[in-house]
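The chain is numbered in sequence order, starting from 1. For the numbers below, each heavy atom of this structure counts, side chains included, while hydrogens, waters and symmetry mates do not.
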Amino acid sequence: MGHRVLVVDDDPTVSDVVRRYLEQDGCEVRLAADGAAGLAAIATHRPDLVVLDLMMPGIEGLEVCRRIRRQLPGLPVIMLTALGEEADRVLGLEVGADDYVTKPFSPRELVLRIRLVLRRASGHTTGPADLTRLVDAELAVDTARRVAERDGAPLALTVREFDLLAFLMRHPGRAWSRADLLDKVWGWQFGDQSTVTVHVRRLREKIEYEPAEPRRIRTIWGVGYRYDPLDGGPQR
């Protein structure tokens with residue numbers, strides 16, 4: 001892979017296991033034992049992805065993620081959360097995590113999640129439905145450069161937010177279930193569907209004039225979501 005990954009976790013056993021698996025996969029790995037050290041390492045070494053534990057002494061994972069999103073909105077973050085703590089997972093997604101893995105976890109699963117997020121972040125997407133440039137009124141998405149703009153100003157989107165927006169704009173007028181979106185955008189065959197709900201809410205806050213009364217990303221009750229272009233459809 002050749003990517004730089006920062007692992008921020010106060011458990012040295014977890015950090016060491018993750019480091020060994022990632023190095024076997026070709027990654028350059030740095031470790032940080034707490035939030036403050038993690039933020040310093042991000043500023044100094046600019047990793048390609050951060051694996052971030054939720055519960056740490058000092059600056060906890062949620063606050064670290066908030067600061068990352070303010071400074072580097074495009075930096076992929078995968079959060080490690082306790083098994084069964086749905087509220088914590090949702091909070092992690094709310095503050096901008098691209099993905100999460102619950103503890104205890106399979107290191108192989110984590111490596112696969114990292115591969116997928118990095119591939120998305122690098123713009124390595126395929127499919128006959130791909131359009132290089134998608135335009136809907138004042139909203140423009142360039143999938144090749146992974147840039148989204150509104151009225152000519154860049155939108156600070158996370159990896160998953162960008163992927164979700166591009167996917168919906170490619171398929172206007174079609175209703176997708178949350179399970180469909182988990183599969184098509186996240187690449188998950190199963191998972192917590194609240195992940196989709198949170199990302200839709202965050203995306204609406206960035207592209208809708210009235211997020212509480214969305215005109216683009218519509219909720220289709222009993223089904224999921226549908227993208228309705230303001231100008232009639234995406235264009236190349």
Side-chain angles (χ1 to χ4, degrees), residues 1-82 85 88-103 105 107 109-124 145-148 154-164 186 195 198-199 202-203 205-206:
M1 294 173 63
H3 290 100
R4 301 184 303 275
V5 177
L6 173 66
V7 180
V8 187
D9 196 309
D10 62 321
D11 186 331
T13 301
V14 171
S15 295
D16 186 61
V17 169
V18 173
R19 176 186 58 78
R20 286 190 287 107
Y21 272 82
L22 286 172
E23 287 180 345
Q24 289 172 8
D25 209 52
C27 291
E28 176 187 330
V29 183
R30 290 183 179 272
L31 304 180
D34 56 47
L39 290 169
I42 291 168
T44 303
H45 302 291
R46 290 299 176 98
D48 299 310
L49 181 143
V50 177
V51 177
L52 179 62
D53 187 30
L54 180 65
M55 301 300 296
M56 292 183 295
I59 306 175
E60 64 178 6
L62 289 175
E63 179 58 25
V64 173
C65 192
R66 288 190 188 96
R67 296 188 189 186
I68 291 172
R69 285 294 163 251
R70 286 198 295 265
Q71 299 170 15
L72 299 167
L75 176 61
V77 176
I78 295 181
M79 191 161 280
L80 303 180
T81 69
E85 295 297 330
D88 288 339
R89 294 198 299 273
V90 170
L91 278 174
L93 296 170
E94 288 279 12
V95 299
D98 294 286
D99 204 344
Y100 67 86
V101 176
T102 55
K103 293 181 177 182
F105 58 85
E109 177 191 358
L110 177 59
V111 170
L112 289 174
R113 294 285 185 92
I114 289 171
R115 282 181 185 172
L116 181 58
V117 172
L118 284 171
R119 185 164 65 247
R120 296 274 190 177
S122 300
H124 295 164
R145 296 189 300 127
R146 290 191 67 85
V147 173
L155 289 173
L157 302 181
T158 67
V159 173
R160 295 299 193 189
E161 289 167 356
F162 184 95
D163 291 340
L164 179 59
W186 277 258
T195 299
V198 172
H199 278 79
R202 287 177 54 85
L203 194 52
E205 291 172 355
K206 297 178 181 181

Arg20/Glu23 under salt bridge (charged side-chain N to carboxylate O under 4.0 Å, His left out): CA gap, chis, key distance, verdict: CA-CA 5 Å; Arg20 286 190 287 107; Glu23 287 180 345; over 6 Å; no
Pairing of Arg202 and Glu205 as salt bridge, 4.0 angstrom limit: no
Heavy-atom pair of closest approach, residues Tyr100 and Thr195: CE2-OG1, 3.4 Å
Approximate separation, where rounding is to 0.5 Å, of Phe162 CZ and Leu155 CG: 10.0 Å
Note: Glu94-Arg69 ion pair, threshold 4.0 Å (strictly below): no
Presence of salt bridge, Arg113 and Asp98, under 4.0 angstrom: no
Non-hydrogen atoms of Ala32 and Ala37 that approach each other most closely: CB-C, 3.8 Å
Side chains of Phe105 and Val17 in contact at under 4.5 Å (non-hydrogen atoms): no
Non-hydrogen side-chain atoms of Pro47 and Ile42 separated by less than 4.5 Å: yes
Euclidean distance, Asp9 CG relative to Arg19 CZ, rounded to 0.5 Å: 13.5 Å
Straight-line distance of Leu6 CG to Ile68 CD1, nearest 0.5 Å: 8.0 Å
What side-chain donor-acceptor pairs closer than 3.5 Å can you find for residues 48-56, not counting sequence neighbours?
| unit_1 | atom_1 | unit_2 | atom_2 | d |
| --- | --- | --- | --- | --- |
| Asp48 | OD2 | Arg4 | N | 2.7 |
| Asp53 | OD1 | Lys103 | NZ | 3.1 |

Residue pair Tyr21 / Val111: nearest heavy atoms and the distance that separates them: CB-CG2, 4.0 Å
Where Pro76 and Val159 come nearest, the two heavy atoms and their spacing: CG-CG2, 3.7 Å
Side-chain heavy atoms of Ile114 within contact of Leu110, under 4.5 Å: yes
Nearest-0.5 Å distance, CG of residue Asp10 to CG of residue Leu31: 12.5 Å
Closest non-hydrogen atom pair between Val64 and Gly35, with its separation: CG2-CA, 3.6 Å
Spacing of Leu157 atom CG and His199 atom NE2 [to the nearest 0.5 Å]: 10.5 Å
Interatomic spacing from CG in Leu75 to OG1 in Thr158 - rounded to 0.5 Å: 11.0 Å
Heavy-atom side-chain contact between Asp25 and Arg115 under 4.5 Å: yes
Smallest separation among heavy atoms of Ala97 and Met79, with atom names: CB-CB, 4.2 Å
Side chain to side chain, Asp34 and Ile59, heavy atoms closer than 4.5 Å: no
Min side-chain heavy-atom separation Val95-Arg67 under 4.5 Å: no
